[in-house]
Amino acid sequence: MRKFWALVRLELLEFFSKYRMGLGTGATKRGKGLPVLTLLLLAVPFINMSFGVYQRFLGWGRPELGVAYMTMIAFFLMCFTAIPFLFSLYLHSSDYQFLTPLPIPTKYLGLAKLVVVWLYLTGINFVILFPVALLVGLNGGLMVWSLLFSLLLSVVTPTPPLFLSSLAVLGLSTISANRNRKNLLSLVFAFALLGLVLGAQLLLTDENARRLVDWTTRLTRLYPPAGWSAQIVNGSLLGLLKYGVLNILCYWGLQGTTRKLYRSALVFSGAKPARQHVAFDYRPRKKYGQLIRRHLLIIVKQPVFLLNTILNLALPGLVFLIGLLSGDLTVESFLIPGEQKRLLLFWVGLASAPALLTNLSATAITREGKAFWETRVLPVESWTNLRARIDTTILVNLTFSLLVSVVLFRCLPLEKLALLPVLFFVTMLTIFVATTDLVINIYRPYLNWTNPAAAIKNNLNVLLSLAYRPLLAVIPFLCAVCFPRANVYGILFYSGLILFLLTLLVRRVLRTVLVEKFDQIPV
Amino acid sequence: MLVLEDVSKTYDGKRMAVDRLNLKVQAGEIFGFIGPNGAGKTTTIKMLTGLLPPTAGRIMINGVDLAISPVEAKRNFTYVPDHPEIFTAIRGIDYLNFIADMHDVPTSKRRARIEKYTQLFAIEDALGELIHSYSHGMKQKLLICGALLPQAPLFILDEPLVGLDPLAAKRLKEIMVKHCAAGGTVFFSSHLLAVVDQICDRVAVINQGELVICDRVERIKNGFAQSLEDIFLELTQDA
Ligand SMILES: Nc1ncnc2c1ncn2[C@@H]1O[C@H](COP(=O)(O)OP(=O)(O)OP(=O)(O)O)[C@@H](O)[C@H]1O
Ligand SMILES: [Mg+2]
């Protein structure tokens, strides 16, 4: 048994070090505090949701159904978390290589990993199920006992979804244990999670009261443990007993599934996918197009880069959307007469957000990492090499900005006249930022990373690029001062023009002085 | 084909990693570049390929100054580094097509060459797979295929035989010999004295950044009346 706990400790340590690496912090004191802080911050909206559920269901006179509802939500949440987690922990773990030869029972290897997932799920439970359970218990008059029952409830509920997830992973693994699929899987489940949380929030309105109570009752019949949860918070020992039996059964099942997963992991780590003969495409492509494609693929094919980019691009839109959906924000609030200007500024703000919040160019060289030498030995002008990086950033950001602009233009009651100056301004801003950020990367290339998160997060390049962004506000301000008679469109137009001239200047410096600096970057 | 004039490099401003190196490699030659670990071979090759700017000196490739017209100079050579660190999230075939595009390999020759070289190095079955599923040796072979594809006049390799299986090593040596017979030039660094002895026309020995000797293999051997190994040890030890 001592060996088993040593294994668990090892798995936990690895989990936390991976998590820290994901955040890009070191093992310093501050680096150790940060993960805890982010976890706490992440927990706040969930705890909030739990409270919300309690209040709603209390208002409808069925507080105990709130527990059942939350058990169901937690069930799906845990499955969506556990499946990609189990997948990477069991099928894509590098530690088998040194663990397998050790004199430890194979059963332990599989189960030690399981403990990490179980702890993680229980942690989730503590922020979403525990609060509502505690409140319902207190409301039911259990007083101090409700604390004990809610604690027990949080501990017994994760095992069934864990078992079902392990079955799902086993099924998925027979289809494919491909690395690419793993990343796709994480992405799909991350979106499913987001959808679930958003959906659960949005459904929770008083208009939906009848339907929600109905659904929950029906789902409880489909998944009886949700009903047992409601019994437990009312102090039912029978409910606890049922859960206990279910836990033991699931534990048995898990022993089987983890053993199977462990075995297939060993097979996969040695085996290669079947070779297939595909007809290749030998058609030539344009050189410049190939360079852009390369830089785009570097972003798209590296999940860390891709997620970071998508999140940065979509964040303001998402915040807006959530605001609209939750009713805190309404289109009507923009329609107050005389508020056209506010509407316009809002539009410009959202359309400029991709340029202002992302900094793809600030890591355009860094992202290439150890493969940076490749383009340097090819017969390509250094300036072309740099330009391809800038244009890749522009391509990504502008596509998104235009999309946002057009969608908003269709949705909001805006003047047709506005389209031109706004698009002009946003385009110029995007080009300026994409060009200027690269200067930072030329001065601070960092190519020897092994963990992709270190290349794009928490590094000085990113901070520097964000630091000068607020200064850009000076431009429209100056325009407003210099052209007091100009209206908003005029100011946007003049600002765009100034940005254009500034871009020309930066490009000139890049072409003449900084190309040489680029050529000196040691590899 | 390749001329180095007083080429020097220092990383820290104090110690010279390469010290006033002078070399002339003729077209049609296989030129071996040998020296103990840390002698400055990789540093020299990085300077030749434009990866590292020399601290001083001039590098001419096919009559073109690398510092003045780098693109023109780079059209004249391809390079295989001592590590196969490339962008690995694409398929092998995508990598080769990329290189072919960048070096303007004509469409009509592209397919035949890719098939020929990948079959020669037995990686044709893996071309449809992502490069990060390749073994170290397979990546190296892919890089070699990429470097052969443009059929540039000069072929620069840094320790190309380390990590290759015997058959692939034999094939590569054959290709090097053939390339030179057809008028091409090969410049490669190595630790494998037997290989250098076997295929090189001329060798240069470098030690602690300085050129120790540069001559035809048989002339060096005649002058010392020993095996190349003994000569190498003798030349590089007394420093
Ligand atoms: N990036 C670097 N920064 C500082 N010094 C370096 C760097 N690269 C190489 N050196 C130094 O330059 C000298 C020459 O190194 P180089 O890599 O050229 O040797 P080499 O002949 O290729 O050796 P090996 O046979 O081990 O490949 C060594 O003393 C090394 O310490
Ligand atoms: Mg070397």
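Reminder, nothing fancy here: chain letters follow the sequence lines and each chain counts from 1. Both backbone and side-chain heavy atoms feed into the values below; hydrogens, waters and symmetry mates do not. Quick caveat: nothing in here was measured; it's all calculated off a predicted structure.
- Of all the listed residues (B:N76, B:D104, B:I90), the one sharing the greatest number of non-hydrogen pairs under 4.5 Å with chain A is B:D104.
- Counting heavy-atom pairs closer than 4.5 Å to chain B, the top residue among A:E368, A:K370, A:R283, A:K286 is A:K370.
- Of the two parts of A:Q290, the backbone and the side chain both hold a non-hydrogen atom closer than 4.5 Å to a non-hydrogen atom of chain B.
- Chosen from B:E85, B:E72, B:H83, the residue pairing most often with chain A at heavy-atom distances under 4.5 Å is B:E85.
- Among all heavy-atom pairs drawn from A:F280 and B:G128, the shortest one is CZ-N, 3.5 Å.
- Rounded to the nearest 0.5 Å, atoms OH (A:Y288) and CG (B:D101) are 15.5 Å apart.
- Contacts between A:I298 and chain B at a heavy-atom distance below 4.5 Å involve backbone atoms as well as side-chain atoms.
- With a 4.5 Å cut-off on non-hydrogen atoms, B:L127 touches chain A through its backbone and its side chain both.
- Counted within 6.0 Å of CZ on B:R20, heavy atoms from surrounding residues, nucleotides or ligands total 12 or fewer; the atom is thus considered open.
- Between B:M102 and A:P379, the shortest heavy-atom contact is O-CG, 3.7 Å.
- Surrounding NZ of A:K260 are at most 12 heavy atoms belonging to other residues, nucleotides or ligands under 6.0 Å away.
- Within the 4.5 Å cutoff, the side chain of B:H103 has heavy atoms near those of the A:L378 side chain.
- Applying a 4.5 Å heavy-atom cutoff, the residues of residues 38-60 of chain B that approach chain A are B:K46, B:T49, B:G50, B:L51, B:L52, B:P53.
- For A:Y282 against B:N97, the heavy-atom pair with the smallest separation is CA-OD1, 4.1 Å.
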